[in-house]
Amino acid sequence: MSAPAVFAFNNALVRTPCHAIVNGLRAVDVGAPSYQTVLAEHKAYVEALEAAGVAVEILPALDAYPDSMFVEDPALVFTEGAIVMRPGAQSRFGEAQEIAPVLRRRFSRVIDLSGPGFADGGDILVLKDRVMIGLSDRTNETGAHALADALRALGKNPEIVKTPANVLHFKSDCSLLDETTILSTKRLAISGVFEGLKVILTPEGEEGAANALRINDRVFLGSAFPKTRARLEEAGYQVIPLATSEIAKVDAGLSCMSLRWWA
Ligand code: CIR
């Protein structure tokens, strides 16, 4: 039997947004997100995952960690096992120890990323033949090398690359559309990291659309990006637009809110 596609998922973990999300980290303060609207965005996201055929486990809110709804950052998961990450923002470091017991319950193999470096899940792009690790303000060289070792232990092929300056995470600027196609901002694509792959660029002014999420037969896309939607539909993708206006105020997008794997 052939292996499932790299975008085939039937399981996901998410975490209920906590009230403290209004104090979530952000590079530029455009005002606090509305808690009620964050909850609505999160609920619609969970429903979209379920509609795509994914069994979703919803973890309880963690008020001690404002950004804890973004479960993608403190862990990395694969069919073969999970990695407990070392988040690079001080206020988020403890999230890893909160999610570790959940990973131990759900995966038979769990690797704790070794210190002293840091690495965030948002910097990791999983492709069919390799796993890209973007160096950023949250993922440093030491963390990236430790992560590369952990990935090799799971049978993966790591590749360390660079995130453009002033971009939070590598995946803030790109996402996988299928096994040979990437959605990317121009500023990331021109660095040449995706050589050999097909790249669809986000139209100018819609850079935030790059953090999309391919799940099974569909692509989740921020609903504020109609030009990107048209571009993807023209290319034959089934697009599911999802509201992200409030989570965008704390620099988040669609990949950040879940950990996804095929079991
Ligand atoms: C942070 O700065 O860590 C959060 N406010 C946003 C995290 C977004 N996560 C992601 O892109 N994977």
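Being a predicted model, the structure only gives us computed values, none of them experimental. First listed ligand is number 1; within each ligand, the first listed atom is number 1.
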Taking all non-hydrogen atoms of both residues, which atom of S172 and which atom of V167 are closest, and how far apart?
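Reported closest heavy-atom pair: CB-CG1, 3.8 Å.
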Atom of T185, atom of T202 and distance for their closest heavy-atom approach
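Closest heavy-atom pair between T185 and T202: CA-OG1, 3.4 Å.
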Going by side-chain hydrogen bond (donor to acceptor under 3.5 Å, both in side chains), name the residues that satisfy it together with D112, two or more places apart in sequence or in a different chain.
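side-chain hydrogen bond (donor to acceptor under 3.5 Å, both in side chains) check on D112 returns R104.
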Residues that T139 engages under side-chain hydrogen bond (donor to acceptor under 3.5 Å, both in side chains), provided they are two or more places apart:
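Testing T139 for side-chain hydrogen bond (donor to acceptor under 3.5 Å, both in side chains), a comparison that skips the adjacent residues, returns D123.
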Assess whether a salt bridge exists between E179 and R214, defined as any Lys/Arg side-chain N lying under 4.0 Å from an Asp/Glu carboxylate O.
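No, no charged N to carboxylate O under 4.0 Å.
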Should K171 and E72 count as an ion pair when the cut-off is N to O under 4.0 Å?
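Counted as a salt bridge, because a side-chain N and a carboxylate O are separated by less than 4.0 Å.
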Report yes or no: does T79 contribute a side-chain atom to a donor-acceptor pair with the main-chain N or O of W262 at less than 3.5 Å?
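Checking the backbone N and O of W262 against the side chain of T79, a donor-acceptor pair under 3.5 Å is found.
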Would you say K171 touches ligand 1, if touching means a heavy atom closer than 4.0 Å?
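Distance cut 4.0 Å: K171 fails for ligand 1.
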Using distance alone, determine whether [X] and ligand 1 share an N or O pair under 3.5 Å.
X	answer
H169	yes
G24	no
R26	no
L168	no
D73	yes
S172	no

Winner among M69, E95, R138 once heavy atoms are compared against atom 1 (C) of ligand 1
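It is R138 that holds the nearest heavy atom.
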Considering only non-hydrogen protein atoms, determine which one is nearest to [atom] and report residue, atom name and distance to 0.1 Å.
atom	result
atom 4 (C) of ligand 1	D67 OD1, 3.2 Å
atom 8 (C) of ligand 1	C256 SG, 3.5 Å
atom 6 (C) of ligand 1	V250 O, 3.2 Å

Can you check whether S91 reaches Y65 side chain to side chain, under 4.5 Å on heavy atoms?
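With C-beta onward as the side chain, the pair stays apart.
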Location of contacts on R92 toward ligand 1, heavy atoms closer than 4.0 Å:
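Looking at R92 and ligand 1, just side chain atoms fall under 4.0 Å.
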